[in-house]
Amino acid sequence: MKVKLLFFAMIREKIGKDEVDMEIFPGETLEQLTQRVLAPAFPHARFFKSLLYAVNEEYAGPQTILRDGDEVAFIPPVAGG
Amino acid sequence: MKVKLLFFAMIREKIGKDEVDMEIFPGETLEQLTQRVLAPAFPHARFFKSLLYAVNEEYAGPQTILRDGDEVAFIPPVAGG
Amino acid sequence: MLLIKITKENINREEVRRAVAHPDCGAIATFEGDIRNHNDGKEVLGLEYEVYEKMFQAEVKKIFHELAQRWEVKACALVQRVGRLDVGEAGIVIAVSSPHRHSGMAACAWAIEEFKKRAPVWKKEYYLTDAQWVLCNHGGK
Amino acid sequence: MLLIKITKENINREEVRRAVAHPDCGAIATFEGDIRNHNDGKEVLGLEYEVYEKMFQAEVKKIFHELAQRWEVKACALVQRVGRLDVGEAGIVIAVSSPHRHSGMAACAWAIEEFKKRAPVWKKEYYLTDAQWVLCNHGGK
């Protein structure tokens, strides 16, 4: 099962890419995926507290279970217009 | 003692002028002047209930006593921009 | 900065914006009042604005002065059209700039309400077969 | 009528206004967010906007849909600038047209607040010697 991850703003800069394709485990949640993917680059727990997620262009909670083909975006604090 | 009267909108149209100079009595109030000047053209008391006044470009109450040289404007209901 | 203007020409929106824009300010709130094609169930073909010009200037200045005491704003501008207007044309544009967006929007909304109550402006609507001065309730002061 | 647009060019304010103007409507409320020369006590030289474009469109559509359920409005438009901007340039313009002024101003003010909370837009500020992504609290949904 594969999902596409989208990175924006400070996450994009830290990761050095704006998107990657990634294998996920069956039943893996957004939160679990986030820990695998972002924790190495963002060691501070505080960062994750302010992080939101979107799955297929809709805001989604951390417990959302991912499905094959999902487009996952990590949404750091938005700044609006 | 003389004052200048300014007419606007439906008052201007009814009177047929946009301004006139007028002699006033010593101690004459805005309300008294209004009755003398406008009552013949506007027979309905309802008209006067919605009428406001300005003296020298400031809103003024009906009991205001006029002074020589005042510029008096009758302000029918405003419509704003 | 303050722009208060009465004009017989089309209102120049860019002039209004320029009058309030400032590098200190993140927000510009604008209200534009356009001539509608109907009012009170009647078709409106156009209208005529009449203004008591000197008092208009004085009264709008007072409104902006009060506004600046209530909200943190940088600049205010108001342009009122007079004379004959067609449907769709702008009768008034008000703009307020402020460091932050909340104060600007609130101040602009307040300014329109005060203006509609207090500014000596009258409006005659032209219909298919007749015309009429529009009577709104007013407050004065 | 609905205009939702992301652009690398200067925002065309007249295009925004035309998108919402309608002969039925007496009121156009507009909010413009400009780049300020300072933030949090630091001098700002310019900034960069980044947008998650597809989600941006979807989210703004939702905001306008909710807005139309709350207020009597005729049309909404929103244009967001992306890329590098200088101080004084407009980052966003939102406009709402409505038959009456109260609903238009209230709807426009509400739209900005929702937009700032929900729209996937990020902002990097450039200072004299460094740069920083601006962290605002956000709500999401």
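Here is how names work: the chains are called A, B, and so on, in the same order as the sequence lines, proteins then strands, and each is numbered from 1.
Checked against side-chain contact (heavy atoms from CB on, under 4.5 Å), D:A109 has the following partners two or more places apart in sequence or in another chain: C:M105.
Here D:I112 is the residue among D:I94, D:V93, D:I112 with the most heavy-atom pairs under 4.5 Å with chain C. For the set D:A27, D:G88, D:G26, the entry with the most heavy-atom pairs within less than 4.5 Å of chain C is D:G26.
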Chain D/chain C interface donor-acceptor pairs under 3.5 Å:
unit_1	atom_1	unit_2	atom_2	d
D:R17	NH1	C:E32	OE2	2.8
D:P23	O	C:N37	N	2.8
D:D24	OD1	C:N37	ND2	3.3
D:G26	O	C:D34	N	2.8
D:I28	N	C:E32	O	2.8
D:I28	O	C:E32	N	2.8
D:T30	N	C:T30	O	2.8
D:T30	O	C:T30	N	2.8
D:E32	N	C:I28	O	2.8
D:E32	O	C:I28	N	2.8
D:E32	OE2	C:R17	NH1	2.8
D:D34	N	C:G26	O	2.8
D:N37	N	C:P23	O	2.8
D:N37	ND2	C:D24	OD1	3.3
D:R101	NE	C:E113	OE2	2.9
D:R101	NH2	C:E113	OE1	2.9
D:H102	NE2	C:E113	OE1	3.1
D:H102	NE2	C:E113	OE2	3.2
D:E113	OE1	C:R101	NH2	2.9
D:E113	OE1	C:H102	NE2	3.1
D:E113	OE2	C:R101	NE	2.9
D:E113	OE2	C:H102	NE2	3.2

